[in-house]
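Accompanying notes for the structure given below.
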Amino acid sequence: MNTEKAERFWNRLSLPRQFILAGSVVMFGAMVLVGSWVSKRIEQAAVQNFAIIAANYVESFIAPITQDLAEGDTLSPPAKQAMIEVFSTTALNERIVSYKIWKEGGLIVHASDPSLIGKVFEPSEDLQAAWTGKFAASLDNHVDAEDASEASLGISLLEVYSPIHEVFSGRIIAVAEFYERADPLVAELRSARRNSWLVVGSAFLASGLLLAGIVQAGGRTIQEQLAQSEHLAEQNIALRRKAITANLRATAQLEQTIRHVGSDLHDGPAQHLSLAALRLDSAFDKNAGPNARSEIRASIDRALEEIRAISRGLALPELEQMDLASLVRAAISEREVQSGIDVNVTFFGSEPKHLSYTEKLCVYRFLQEGLSNAVRHGGVKSAEVRVAVDTKIIEISIHDDGSGFDMNAVPGLHATGGQGLTGLRDRAESIGGSILVSSNPRSGTTLTLTLLREQYNGNPTNPRR
């Protein structure tokens with residue numbers, strides 16, 4: 001059960017917090033290990049240095065006195081008296097609390113405690129190391145049988161083993177063991193441990209904080225990227241839906257256009273041609289009147305006229321060869337002729353380069369539909385067209401001072417336009433543009449087409465007519 005709770009708690013944490021928690025545990029463990037190792041090394045080095053200094057100091061007094069041990073296992077009376085005087089009257093008395101002189105096999109041949117003289121003890125590791133010519137020392141390690149009296153003192157002692165060499169041959173003839181007061185050493189070790197832990201702890205804390213900051217920053221970056229990815233995914237889904245909707249609308253409009261053209265052909269040119277066909281046989285009758293052929297010709301002429309009218313509605317002018325200004329003027333001129341509306345046009349910026357046919361067609365249809373709406377729905381006789389070219393966009397707006405309408409009262413018109421502009425809106429969005437509608441009964445209606453462009457060689461200042 002506890003494992004499940006811990007797993008749920010862990011899974012609820014964010015990735016940076018998981019790293020910080022796990023990293024804190026690992027770094028704390030590493031800090032304890034490194035701090036302990038450093039403290040141990042400092043203690044060993046300090047003890048060893050103290051031991052060497054003390055051993056050299058003591059050996060300078062003891063070695064000349066104990067040369068009798070090169071030939072036997074006992075000291076002469078003068079040597080014993082000299083040992084007593086050295087450790088009782090010199091500066092060693094303030095530092096050394098006890099001492100022992102060892103021979104091989106664990107025999108104590110002389111000691112500050114007379115009860116130990118002549119006794120044999122199991123050689124300790126430090127004593128054995130001293131017989132090999134090494135200085136050996138330990139701090140407060142009074143576990144051997146011969147250390148009972150020193151352990152009973154209840155003070156910190158540095159136990160040092162120092163080999164005693166024969167003056168002429170240099171061979172080890174005995175080992176001196178002495179116990180030095182370790183209060184200064186303990187204080188120094190305490191200060192060294194404290195400083196080492198401060199250094200190690202500060203280093204690990206700084207490293208942990210730095211890594212935590214880096215991980216937090218990386219976590220924020222990942223979260224932002226994930227949020228952006230989710231946002232982009234939502235946008236892609238929305239765009240896909242819009243594309244599907246636009247295709248469905250385009251298909252419906254195409255079918256509607258085909259039916260409309262079919263109806264126009266059936267109700268117009270087809271009827272005239274049917275009439276001409278019915279009268280064609282009678283036109284070649286000898287008794288046919290003079291008007292028969294003229295009626296046939298008139299029917300054919302009317303059929304051709306209506307076919308041309310229908311084809312003009314389907315086929316646009318030669319947009320490929322037109323620049324933006326010519327295209328705008330052509331669309332405006334067509335509406336001025338057809339509806340009698342007076343249009344004032346203003347250009348801002350310079351002519352854009354590389355305007356595609358799709359963009360030209362979108363602009364042309366927008367002007368056709370917008371000006372037609374101004375006449376049909378706004379009831380106006382004049383309108384204003386503004387064409388602004390910037391380094392990033394083309395913006396074309398149609399404004400009229402007509403009756404307008406309340407956009408809040410007509411559902412579906414907010415920022416998109418009515419049903420008459422649905423096709424234009426889909427066309428604009430399919431090439432990355434947009435169409436906005438702004439209208440109210442007091443100030444009229446404004447339609448705005450915005451096309452995004454990658455590059456323009458334009459200057460949005462200095463308007464030209």
Side-chain angles (χ1 to χ4, degrees), residues 235-236 238-254 257 312-336 338 343-374 383-399 415-438 445-465:
Q235 284 185 332
N236 288 335
L239 290 174
R240 183 173 178 272
R241 290 174 179 171
K242 285 185 177 181
I244 293 174
T245 302
N247 288 333
L248 293 175
R249 288 174 180 169
T251 302
Q253 290 176 356
L254 178 60
T257 301
R312 281 196 301 270
L314 296 175
L316 293 174
E318 298 296 331
L319 299 184
E320 288 286 358
Q321 285 72 35
M322 289 186 179
D323 55 19
L324 180 62
S326 301
L327 183 149
V328 170
R329 290 192 176 94
I332 292 174
S333 298
E334 178 185 336
R335 280 296 174 259
E336 286 178 333
Q338 292 180 354
V343 181
N344 180 32
V345 60
T346 304
F347 291 91
F348 293 88
S350 59
E351 182 69 29
K353 295 182 178 180
H354 310 299
L355 196 63
S356 68
Y357 177 82
T358 305
E359 291 170 321
K360 292 179 181 180
L361 183 60
C362 183
V363 172
Y364 194 89
R365 291 300 192 193
F366 170 76
L367 291 170
Q368 281 185 322
E369 180 68 21
L371 293 174
S372 296
N373 287 344
E384 181 181 1
V385 174
R386 293 168 59 90
V387 181
V389 178
D390 199 351
T391 57
K392 295 182 180 297
I393 62 172
I394 292 177
E395 187 175 275
I396 302 174
S397 62
I398 302 172
H399 176 72
T416 58
Q419 294 180 352
L421 292 176
T422 300
L424 290 180
R425 182 196 63 191
D426 293 340
R427 186 192 299 273
E429 289 180 351
S430 68
I431 57 175
S434 62
I435 292 179
L436 299 180
V437 181
S438 175
T445 302
T446 300
L447 305 180
T448 303
L449 168 66
T450 301
L451 297 179
L452 300 179
R453 297 284 293 163
E454 293 295 332
Q455 292 182 348
Y456 274 144
N457 183 18
N459 182 3
T461 60
N462 299 327
R464 55 189 175 86
R465 300 289 298 219

From [X] [atom1] over to [Y] [atom2], what is the distance, rounded to the nearest 0.5 angstrom?
| X | Y | atom1 | atom2 | result |
| --- | --- | --- | --- | --- |
| T346 | E384 | OG1 | CD | 5.5 Å |
| R241 | N236 | CZ | CG | 12.0 Å |
| E395 | F348 | CD | CZ | 10.5 Å |
| S397 | L449 | OG | CG | 10.0 Å |

Strictly distance-based, threshold 3.5 Å: is any side-chain N or O of S333 a donor or acceptor partner for the main-chain N or O of R329?
yes
Within the side chain of D323, is there an N or O that forms a donor-acceptor pair under 3.5 Å with the backbone of S326?
yes
List the steps and the verdict of side-chain contact (heavy atoms from CB on, under 4.5 Å) for L361 and R365.
CA-CA 6 Å; L361 183 60; R365 291 300 192 193; 4.1 Å; yes
Could you tell me which non-hydrogen atom of [X] sits nearest to which non-hydrogen atom of [Y], and how far apart they are?
| X | Y | value |
| --- | --- | --- |
| S350 | V389 | O-CG1, 3.4 Å |
| F366 | I398 | CE2-CD1, 3.7 Å |
| K360 | L355 | CE-O, 3.5 Å |
| A325 | E351 | N-OE1, 3.5 Å |
| A428 | I435 | CB-CG1, 4.0 Å |
| L327 | M322 | CA-SD, 3.8 Å |

Run the numbers on L447 and L436 for side-chain contact (heavy atoms from CB on, under 4.5 Å), then give the verdict.
CA-CA 6 Å; L447 305 180; L436 299 180; over 6 Å; no
pair [X]-[Y]: side-chain heavy atoms closer than 4.5 Å:
| X | Y | result |
| --- | --- | --- |
| L367 | V328 | yes |
| L451 | I393 | no |
| T450 | I394 | no |

What verdict does the side-chain contact (heavy atoms from CB on, under 4.5 Å) test give for I332 and V345, after you've listed the backbone C-alpha separation in whole Å, the side-chain angles of each residue and the deciding distance to 0.1 Å?
CA-CA 9 Å; I332 292 174; V345 60; 3.9 Å; yes
Any luck finding a side-chain donor-acceptor pair between E359 and S356 under 3.5 Å?
yes
